[in-house]
Amino acid sequence: MQSKLEATSLIEEKPFLDFIEFVESNFGLMLSLYNPKSLKRRLDKVLRLFKIDDLRSLQMLFIRDEKYFQKFIDAFTVQVTELFREPGGLKVIREDVFPLLRNKEAPRILLIGSSTGEELCSLAIILKELDLLDRAEITATDLSPKAISRASKPCISKSRLKEAQMNYRRAGGTGLLEDYYQATSSLCYFHSSLFDRVHFQCFDITKDELDQKFDLIFCRNLLIYFQSQQHNGLVQRLVRHLKPGGFLSFG
């Protein structure tokens, strides 16, 4: 059965547009830049989670207590990732980009969209195997504070280990993946030493600025959630955070 949002918003746009305007005016979250279909799917997920029927009711929750908006952010963000996702691209970064950063005293790396931390794990493991982790300075960001909290203590299910190990090899891994985590009965927790030089920060790609520039920026599988006409502007925002000669990596 379709939710009320799915059944009506595609026909009657006013509640949808009113909600976007309310959120942008009161909280600064630029929902109008997102792909409308993706946005409506995510809003529908939020309505189901909050057990309410329409966007007006959601708006009233925000007015009643701003803590609901923070819960909305945590539910709204797409926290889907995997260890060594897109291993071919990571292998190129490993073989062609990181060697160029070897001569830098403290290579600075920015990760946009930390999600559950698996991409950060992948990056840290590659840096460690290249003897760069102890010198690199990594800034890991996300729109959701809850995602940042999870990314700071990442783990994966044992059921996902087989795929992770295959992708690790495909990404050029030279050691044993098991050397980087501590296993329990069902989960594998990655060693905290991998993240000693990681700074976590909330960051909204649509409007926030960071106070430093980076040698390498990872922004993988994020632009797909925005309207295509917004892509160029978002890329330019990231380019402004690059050092001269820096690299920008997309999924």
Side-chain angles (χ1 to χ4, degrees), residues 1-81 110-116 119 140-151 200-210 217-241 248 250-251:
M1 177 182 293
Q2 284 185 311
S3 72
K4 196 168 185 178
L5 176 60
E6 289 177 316
T8 64
S9 63
L10 293 175
I11 301 172
E12 182 181 356
E13 294 290 336
K14 191 174 188 307
F16 179 67
L17 298 176
D18 286 348
F19 180 77
I20 289 176
E21 182 180 359
F22 169 79
V23 170
E24 292 186 354
S25 298
N26 289 274
F27 298 99
L29 180 61
M30 305 303 292
L31 295 179
S32 61
L33 303 185
Y34 286 77
N35 179 293
K37 290 184 178 180
S38 172
L39 176 58
K40 288 173 182 176
R41 284 195 300 269
R42 287 199 261 175
L43 289 177
D44 185 64
K45 181 186 77 171
V46 171
L47 292 185
R48 292 196 303 269
L49 180 66
F50 281 46
K51 298 181 180 180
I52 54 180
D53 294 327
D54 54 66
L55 292 174
R56 177 61 181 169
S57 298
L58 184 57
Q59 183 174 322
M60 294 305 295
L61 283 179
F62 294 168
I63 293 173
R64 185 188 311 165
D65 191 332
E66 287 193 9
K67 73 179 181 183
Y68 285 106
F69 179 73
Q70 193 54 65
K71 291 182 178 180
F72 165 76
I73 289 292
D74 294 336
F76 176 79
T77 51
V78 179
Q79 297 178 19
V80 177
T81 185
L110 173 63
L111 174 61
I112 304 292
S114 297
S115 187
T116 54
E119 188 166 11
T141 73
D142 203 280
L143 186 62
S144 163
K146 184 176 180 179
I148 288 177
S149 178
R150 290 185 63 185
F200 294 93
Q201 183 171 341
C202 285
F203 179 75
D204 184 343
I205 191 177
T206 67
K207 61 184 178 67
D208 291 340
E209 299 286 341
L210 298 170
I217 297 177
F218 279 87
C219 182
R220 299 158 64 82
N221 301 307
L222 179 65
L223 295 185
I224 58 174
Y225 299 114
F226 292 91
Q227 297 187 54
S228 58
Q229 61 265 36
Q230 303 296 334
H231 288 182
N232 185 63
L234 295 173
V235 170
Q236 290 305 313
R237 291 182 64 83
L238 293 177
V239 168
R240 290 201 296 272
H241 287 89
L248 184 57
F250 292 102

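Nothing here was measured: the structure is a model prediction, and the numbers come from that model.
- For D142 (side chain) and I148 (main-chain N/O), no donor-acceptor pair under 3.5 Å exists by modelled atom type.
- The shortest distance between side-chain heavy atoms of E209 and R240 falls below 4.5 Å.
- With hydrogens and angles disregarded, a donor-acceptor distance shorter than 3.5 Å links the side chain of K45 to the backbone of A75.
- Here the side chains of I112 and F218 are not in contact, with every heavy-atom distance at 4.5 Å or above.
- V46 has its side chain within reach of F72: a pair of non-hydrogen atoms, C-beta onward, lies under 4.5 Å apart.
- Residues L55 and L43 are in side-chain contact: their nearest non-hydrogen atoms beyond the backbone lie under 4.5 Å apart.
- Of all non-hydrogen atoms in L143 and P145, the two that sit nearest each other are O-CD, 3.6 Å.
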In residues 15-24, what donor-acceptor pairs under 3.5 Å come from side-chain atoms, sequence neighbours left out?
unit_1 : atom_1 : unit_2 : atom_2 : d
D18    : OD2    : K14    : NZ     : 2.7
E24    : OE2    : L31    : N      : 3.1
E24    : OE2    : S32    : N      : 2.8
E24    : OE2    : S32    : OG     : 2.6

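- The backbone N or O of D74 lies less than 3.5 Å from a partner atom in the side chain of T77, making a donor-acceptor pair.
- The two atoms that bring A151 and S115 nearest to each other are CB-O, 3.7 Å, heavy atoms only.
- Applying the ring pair (Phe, Tyr, Trp, His ring centres under 6.0 Å) rule to F27 yields the partners F62, F69; only residues at least two apart in sequence or on another chain are considered.
- With contacts defined as side-chain heavy-atom distances shorter than 4.5 Å, the pair I205/L238 qualifies.
- Heavy atoms from other residues, nucleotides or ligands lying under 6.0 Å from CD of Q201 number more than 12.
- R237 approaches H241 most closely through the heavy-atom pair O-ND1, 2.9 Å.
- Counting only distance, with no hydrogens or angles, the side chain of D65 and the backbone of Y68 share no donor-acceptor pair below 3.5 Å.
- Once rounded to the nearest 0.5 Å, the distance linking NZ of K207 with CG of L29 reads 8.0 Å.
- At distances below 3.5 Å, not a single donor-acceptor pair connects side-chain atoms of T206 with backbone N or O atoms of L33.
- In this structure, the side chain of R220 does not engage the main chain of E119 through any donor-acceptor pair within 3.5 Å.
- Under the ring pair (Phe, Tyr, Trp, His ring centres under 6.0 Å) criterion, the residue pairs touching residues 31-57 are Y34-F76, Y34-F226, with sequence neighbours excluded.
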